[in-house]
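First comes the structure, then the notes that go with it.
What you are looking at is a predicted structure, and each value in this text was computed from that prediction instead of being measured. Heavy atoms only: backbone and side chains are in, while hydrogens, waters and symmetry mates are out. A, B, ... follow the sequence lines: proteins, then strands. Residue 1 opens every chain.
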Number of protein chains: 6
Amino acid sequence: MILRIHMRGKPVASEVDLRDLARLTAGFSGADLENLMNEAAIFAARRGRGEVKSVDFQDAFDRIVMGPERKSKVLSEEDKELTAYHEAGHAVVSFLLPNTDPVQKVTIIPRGRAGGYVMSLPTDRMAMTQDQFEDQIAMAFGGRASESVFFGRVTTGAAADLQQATKIARAMVMQYGMSRELSLRTFGDQESSIFLGRDMGYGRDYSEDAATSIDEEVSEILDRNYRRAKELVEENRDKLVELAETLMEVETLDRSEFEELMNREQPQTPEMEEAVETAASD
Amino acid sequence: MILRIHMRGKPVASEVDLRDLARLTAGFSGADLENLMNEAAIFAARRGRGEVKSVDFQDAFDRIVMGPERKSKVLSEEDKELTAYHEAGHAVVSFLLPNTDPVQKVTIIPRGRAGGYVMSLPTDRMAMTQDQFEDQIAMAFGGRASESVFFGRVTTGAAADLQQATKIARAMVMQYGMSRELSLRTFGDQESSIFLGRDMGYGRDYSEDAATSIDEEVSEILDRNYRRAKELVEENRDKLVELAETLMEVETLDRSEFEELMNREQPQTPEMEEAVETAASD
Amino acid sequence: MILRIHMRGKPVASEVDLRDLARLTAGFSGADLENLMNEAAIFAARRGRGEVKSVDFQDAFDRIVMGPERKSKVLSEEDKELTAYHEAGHAVVSFLLPNTDPVQKVTIIPRGRAGGYVMSLPTDRMAMTQDQFEDQIAMAFGGRASESVFFGRVTTGAAADLQQATKIARAMVMQYGMSRELSLRTFGDQESSIFLGRDMGYGRDYSEDAATSIDEEVSEILDRNYRRAKELVEENRDKLVELAETLMEVETLDRSEFEELMNREQPQTPEMEEAVETAASD
Amino acid sequence: MILRIHMRGKPVASEVDLRDLARLTAGFSGADLENLMNEAAIFAARRGRGEVKSVDFQDAFDRIVMGPERKSKVLSEEDKELTAYHEAGHAVVSFLLPNTDPVQKVTIIPRGRAGGYVMSLPTDRMAMTQDQFEDQIAMAFGGRASESVFFGRVTTGAAADLQQATKIARAMVMQYGMSRELSLRTFGDQESSIFLGRDMGYGRDYSEDAATSIDEEVSEILDRNYRRAKELVEENRDKLVELAETLMEVETLDRSEFEELMNREQPQTPEMEEAVETAASD
Amino acid sequence: MILRIHMRGKPVASEVDLRDLARLTAGFSGADLENLMNEAAIFAARRGRGEVKSVDFQDAFDRIVMGPERKSKVLSEEDKELTAYHEAGHAVVSFLLPNTDPVQKVTIIPRGRAGGYVMSLPTDRMAMTQDQFEDQIAMAFGGRASESVFFGRVTTGAAADLQQATKIARAMVMQYGMSRELSLRTFGDQESSIFLGRDMGYGRDYSEDAATSIDEEVSEILDRNYRRAKELVEENRDKLVELAETLMEVETLDRSEFEELMNREQPQTPEMEEAVETAASD
Amino acid sequence: MILRIHMRGKPVASEVDLRDLARLTAGFSGADLENLMNEAAIFAARRGRGEVKSVDFQDAFDRIVMGPERKSKVLSEEDKELTAYHEAGHAVVSFLLPNTDPVQKVTIIPRGRAGGYVMSLPTDRMAMTQDQFEDQIAMAFGGRASESVFFGRVTTGAAADLQQATKIARAMVMQYGMSRELSLRTFGDQESSIFLGRDMGYGRDYSEDAATSIDEEVSEILDRNYRRAKELVEENRDKLVELAETLMEVETLDRSEFEELMNREQPQTPEMEEAVETAASD
């Protein structure tokens with residue numbers, strides 16, 4: 001394993017799970033791993049430790065992939081609440097769906113361009129199933145669904161989620177034959193795509209009628225999964241409120257904290273009911 | 001805050017609200033801020049002051065963003081009136097809508113390419129809601145609505161407003177999923193757009209049927225908000241006349257002057273009635 | 001005024017109206033103005049005058065903008081007549097319409113590519129109204145309408161007029177929201193146009209349905225204004241014949257000569273009636 | 001006249017009509033004229049003359065414009081007959097139509113790519129009328145119509161004529177507003193055409209519906225004029241046969257020989273009737 | 001004749017028909033002819049002759065145009081049979097059609113990319129008629145028709161024939177006005193084709209409706225001639241079997257051998273009947 | 001045979017079938033063959049042999065064509081099972097179809113990008129028949145059909161198969177005239193394809209209607225053959241389970257092992273029935 005090479009002679013704590021780290025850094029180049037090692041060592045040093053721990057690797061990973069934390073950015077209470085409910089939406093939907101990767105972290109601390117984010121740990125798998133794609137789409141819609149259920153309005157915050165969901169749905173229909181109506185074929189010329197950029201009009205090797213059918217299938221997939229996301233949000237309002245309110249307090253939950261919260265018995269405190277009360281439906 | 005760095009050692013008056021200035025200059029580079037500081041100091045010096053005040057920053061900002069004032073350009077009385085009613089239309093509609101940024105300045109002094117302009121102070125927010133977009137569109141249509149109501153005719157002066165409104169409406173439908181009929185997806189390939197320019201035909205990843213639906217949704221959004229703008233103009237004819245006539249006299253109103261005028265009781269002087277009388281409806 | 005700078009130390013006659021000259025040369029660069037001054041001085045010198053007069057500036061302007069006179073080109077009597085009626089059509093329609101600029105000169109002396117031309121003095125205005133655009137289109141159709149009424153046939157001489165009229169009508173519909181049926185939006189991506197040339201197919205940001213509607217609106221505007229031009233020509237046959245016959249004799253009329261002719265009582269001589277008689281209708 | 005400059009000091013015969021020569025060489029550059037003068041002098045020298053005559057200029061012109069004669073190419077009797085009837089078709093239709101230029105020469109001697117050709121002397125005119133365009137189209141169809149009437153079959157020999165006729169018809173509809181159904185406008189963006197070549201798909205500034213209408217109008221114009229050409233050929237079979245048979249004998253007729261033949265009383269010899277008899281109709 | 005120049009001083013046998021050679025090498029450059037002369041001399045030398053004969057020119061020609069023989073390639077008996085019936089199909093259909101060039105050679109020896117081929121000697125003609133084009137298409141379909149009749153299946157061996165037939169049919173409809181329904185015009189901009197490659201979508205100067213009509217006409221022409229080819233094959237089964245079986249034995253037939261076989265009385269041997277028996281129909 | 005040249009002086013075992021090797025390496029360049037020889041020698045050396053055997057050539061071939069084995073990649077039991085049933089699907093369908101090449105190897109050892117693969121030995125043939133293409137498509141669908149029958153779900157693992165099947169079906173319809181409804185022609189301009197990449201929109205030389213028909217034919221071919229593949233999988237469940245389970249144990253089967261397994265009497269052990277039991281149907 002290439003990771004071990006970069007760790008050679010570095011004081012890595014025994015509690016660091018190399019297997020998890022390998023999965024997280026799948027696709028990293030040697031230079032990326034070198035960079036990760038160095039950043040993690042800096043975090044450890046700042047924390048007054050000679051040994052690099054899991055938390056240092058995690059922070060180094062976040063910094064490299066998502067950009068530096070933007071602590072200076074003081075969010076308004078309103079934006080903080082919006083972010084908390086948005087990220088809680090992703091996390092709750094992901095938790096409840098059977099074919100998603102486990103949530104590694106939920107945070108509302110802005111980083112790079114993102115206002116907050118849910119980090120998942122990808123399972124090492126060879127192929128994706130249709131069910132996994134559909135759950136990914138539903139999870140991408142979780143934030144928007146939560147905004148819609150709790151604030152009764154829609155913001156630009158979900159734009160990247162929308163783009164991601166559309167991209168998956170189009171790949172399902174056009175590359176993987178995972179649609180109900182269209183025959184089992186691929187659409188679009190992959191070779192020309194490499195040269196000219198993805199999905200450009202003149203790379204079309206299908207008719208306008210097929211383009212219409214593709215759009216209909218894509219819509220069908222997206223609509224179906226938005227409904228699933230919204231139903232999960234509505235059926236788990238209490239839990240989602242609990243998570244969002246917790247996020248507003250502590251800002252970040254790691255995997256064990258998140259799972260503990262999701263699995264514990266709902267206490268139903270009066271404050272919580274009130275929070276649900278004030279949330280609008282759309 | 002980066003602004004403070006550029007102010008270090010500069011005689012900035014204590015009445016300057018750094019927070020407002022920061023919001024106004026969001027997106028400015030270090031060089032832009034340096035430039036702003038210098039221009040403001042020049043304005044202060046011209047005014048015989050050693051201390052740089054808010055007004056100096058405001059004028060420096062206008063000069064940098066909109067270009068130099070074109071005082072030499074002596075507008076005809078007709079053009080002056082047209083500009084006054086056009087800008088008053090933007091300002092009144094903006095003032096009356098719930099989701100717009102506060103008007104910072106209204107002016108009919110030409111600057112750069114603009115015949116006049118309404119400057120808004122953007123609120124520091126993380127995401128835009130559909131309501132905010134719709135109010136932005138209605139505000140963009142305010143000038144045209146006012147021309148139509150008071151002069152019964154339509155000019156090229158509203159071309160940039162039209163373009164702006166169309167751009168927002170298209171983004172709502174194509175990037176943010178804020179349409180009524182279309183399913184929750186994005187349209188158009190953002191990646192190829194970067195390379196080839198926005199919205200070019202061959203970046204299309206959707207069918208002609210979808211293009212038709214997009215056009216219908218865009219039209220629906222634009223028509224709805226033009227109607228809103230026009231109703232606001234018609235229902236607030238007296239106030240709009242008062243603002244336009246004031247602008248023809250004093251040429252520029254700052255935020256407090258504008259808000260004072262908007263909030264004061266309508267006096268209903270005979271001259272004003274007459275002005276309303278002579279205005280044509282379309 | 002920049003014009004004064006270029007005139008410094010030049011013997012310009014006091015009768016020269018600097019304001020008119022400024023309007024005529026709107027958009028001229030410093031080098032253009034320098035050139036104009038020199039050419040005007042040459043014309044004055046040829047005419048044995050030390051002082052540069054209005055007529056010298058006018059001739060210098062024509063030479064710079066339209067190219068040198070082509071006196072060597074001896075027109076056939078038939079071509080001369082066709083040109084005279086064509087230009088008279090433009091001039092008469094322009095004179096009779098309420099929203100056009102005053103005619104500065106009418107001539108049938110070929111210059112550059114043009115067989116003859118009508119020069120208008122643009123009024124200094126900030127914005128164009130729909131009425132002004134429509135009158136510009138009708139004026140552009142004046143030449144063709146006159147050919148059709150008096151010769152009962154259609155020539156390629158009107159091609160540039162047709163192109164100009166189409167360009168204005170398309171801008172009205174696509175950029176200025178001046179159509180009856182289409183909603184208030186812009187069509188076509190201006191940004192990409194800069195790079196790739198105007199109106200190219202792949203700059204389309206609208207559907208084929210919209211393209212059809214645009215064509216219908218453009219046709220509607222053009223047809224409406226051709227009818228207006230033709231009605232004006234038919235209702236003012238006598239005056240148009242008088243102007244055309246005068247042009248065939250004197251070749252060029254300046255503004256005062258043209259307006260004097262247009263405003264004087266129609267004498268109704270027998271020769272003129274005859275000319276009208278022989279003219280075919282289409 | 002620029003032609004005189006190139007003739008200075010050259011021994012040009014007094015019978016040469018400079019005016020005709022000027023019309024023939026309209027659009028020639030100085031270098032072209034220099035070339036023409038030299039080639040004509042060579043022809044004169046070959047003919048043992050010191051003086052350059054009309055016939056020398058004509059041959060020099062043909063050589064420059066159409067390429068060298070291909071005498072070496074011995075045509076089969078069948079090809080010779082086909083060429084003779086094809087060119088006779090052009091010439092007869094041109095002679096009979098009111099708005100065509102006079103035929104200067106008819107020949108079946110191959111030159112460059114052409115199997116034979118009819119040379120017309122363009123009249124010096126400023127603008128083209130719709131009637132002139134339609135007669136040009138009908139004349140272009142004359143060769144094909146003759147092939148069809150006399151041989152009852154169609155060959156590739158008319159391909160260039162077809163292309164020429166289509167080009168004229170499209171210009172009538174798209175640039176000159178000479179169609180019956182379409183409104184008075186231009187189609188296609190001329191500016192982008194300069195850069196990207198004429199009539200390319202992405203230079204389209206009109207809808208698919210308009211493209212269909214353009215095609216219909218173009219077809220209508222072409223069909224109408226093919227019918228005219230064919231009727232003229234059918235009504236003047238005897239004269240056409242006379243011309244074709246003469247061409248097969250003498251190969252080339254100049255203007256006066258051609259006009260003499262066209263204007264003389266038809267003798268109706270038995271041989272000629274026979275020729276008509278054997279010709280098939282389509 | 002340029003051929004003679006290249007033969008100067010070469011020992012060419014008197015039996016060589018220069019006229020035939022000239023027709024065969026129409027379009028050859030001087031260098032091509034030089035090459036042909038040299039290759040022919042090499043073939044003669046290999047055959048132990050000092051004099052270059054027709055057969056040497058023929059082999060040299062084949063080598064230059066089709067590539068070297070691929071003797072090493074040992075065809076399976078099945079492939080050999082397929083090739084024999086395919087080439088026999090071309091040859092028989094060509095022989096029976098009235099407007100084709102005479103068959104110069106039929107061979108099943110692979111050469112370059114071709115598995116076998118029929119070489120025709122183009123007649124020296126100036127123009128192609130519609131009948132000649134249609135017979136060329138039918139001949140191109142001869143191979144496929146034979147495969148279908150005798151083996152009841154279809155292979156990729158006919159791909160180049162299909163492409164050739166489509167190219168001719170499209171040229172008939174788009175360039176030569178040889179269609180039944182479309183009006184007499186050309187389709188597609190030849191000028192832009194030179195620059196951008198033939199038949200590319202953006203060189204379209206016609207509507208989608210016209211494109212559909214072109215496709216229908218092209219299909220009509222192709223279907224009609226495939227039927228003709230198949231009928232000829234079916235009606236001449238015995239002769240075709242005789243030719244194919246002969247080819248499998250002797251591999252190559254020259255013009256006289258081929259014509260002798262085609263013209264001789266059919267012997268109807270029992271073996272031949274058997275061969276016909278085993279051939280499937282589709 | 002070029003292969004012999006590269007083997008000269010190399011210690012190749014007499015059991016190596018040069019003919020098989022030649023077919024396997026059809027299309028290899030001299031450098032490729034050189035490379036193959038060297039790699040095979042390395043494999044032999046590793047195995048402690050001085051003589052290069054068939055197995056060494058096979059492994060060298062796999063390494064060059066598919067990339068190095070990825071032994072380090074430890075597949076999950078689930079992925080291993082999925083791969084085994086996927087590859088067994090290809091192999092069983094290929095074995096049962098009449099027009100496919102014999103299976104040379106089946107393996108679930110990942111290599112390069114592939115999770116596993118079935119290697120076929122192409123028969124030396126000149127042309128492909130429609131039946132061969134259809135069987136190739138059905139074989140390509142074998143993996144997906146097996147996933148669907150045994151796991152009741154669909155994964156991205158079949159994406160390359162889908163692309164391959166679509167490519168064949170499109171070539172059948174567009175280049176080889178192997179469709180039922182479309183007339184016998186080619187679609188798409190091959191010449192422009194060379195320059196601009198395959199199947200790009202602007203290389204279209206056919207109408208949108210034709211594009212729709214092409215899509216329908218392609219779908220028809222694909223659907224038909226997916227059904228065939230699925231029926232074969234369903235009808236041979238026991239055999240496929242036996243092969244897949246064997247693959248999970250031994251990872252790789254060569255041609256003789258595979259054929260022995262396919263041809264032997266099905267033993268019907270209880271374990272196997274159980275395996276079938278647990279497999280879901282879709």
Problem - Exceeds 12 heavy-atom contacts within 6.0 angstrom, atom CD of E51(F) - result: yes
Practice task
Tell me, for D223(E) versus chain F, whether the close heavy atoms (under 4.5 Å) come from the side chain, the backbone, both or neither.
Solution key: side chain
Problem - Carboxylate-amine/guanidinium contact R224(E) E220(E), below 4.0 Å - result: yes
Practice task
Can you spot which of I221(E), N225(E), I168(E) makes a side chain to side chain contact (heavy atoms under 4.5 Å, CB included) with F133(E)?
Solution key: I168(E)
Handout entry: Within 6.0 angstrom of E260(F) CD, more than 12 heavy atoms from elsewhere
Key = yes
Practice task
Please flag which part of L162(E) lies under 4.5 Å from any non-hydrogen atom of chain F: side chain, backbone, both or neither.
Solution key: both
Practice task
Could you tell me which portion of L82(E) (side chain, backbone, both or neither) has an atom closer than 4.5 angstrom to a non-hydrogen atom of chain F?
Solution key: side chain
Practice task
Would you mind telling me which of Q132(F), M172(F), E208(F) has the largest number of heavy-atom pairs within less than 4.5 Å of chain E?
Solution key: E208(F)
Handout entry: Geometric class of the Y206(F)/F187(F) ring pair [parallel <30°, tilted 30-60°, perpendicular >60°]
Key = perpendicular
Problem - Residue A159(E) versus chain F: region with a heavy atom under 4.5 Å - result: both
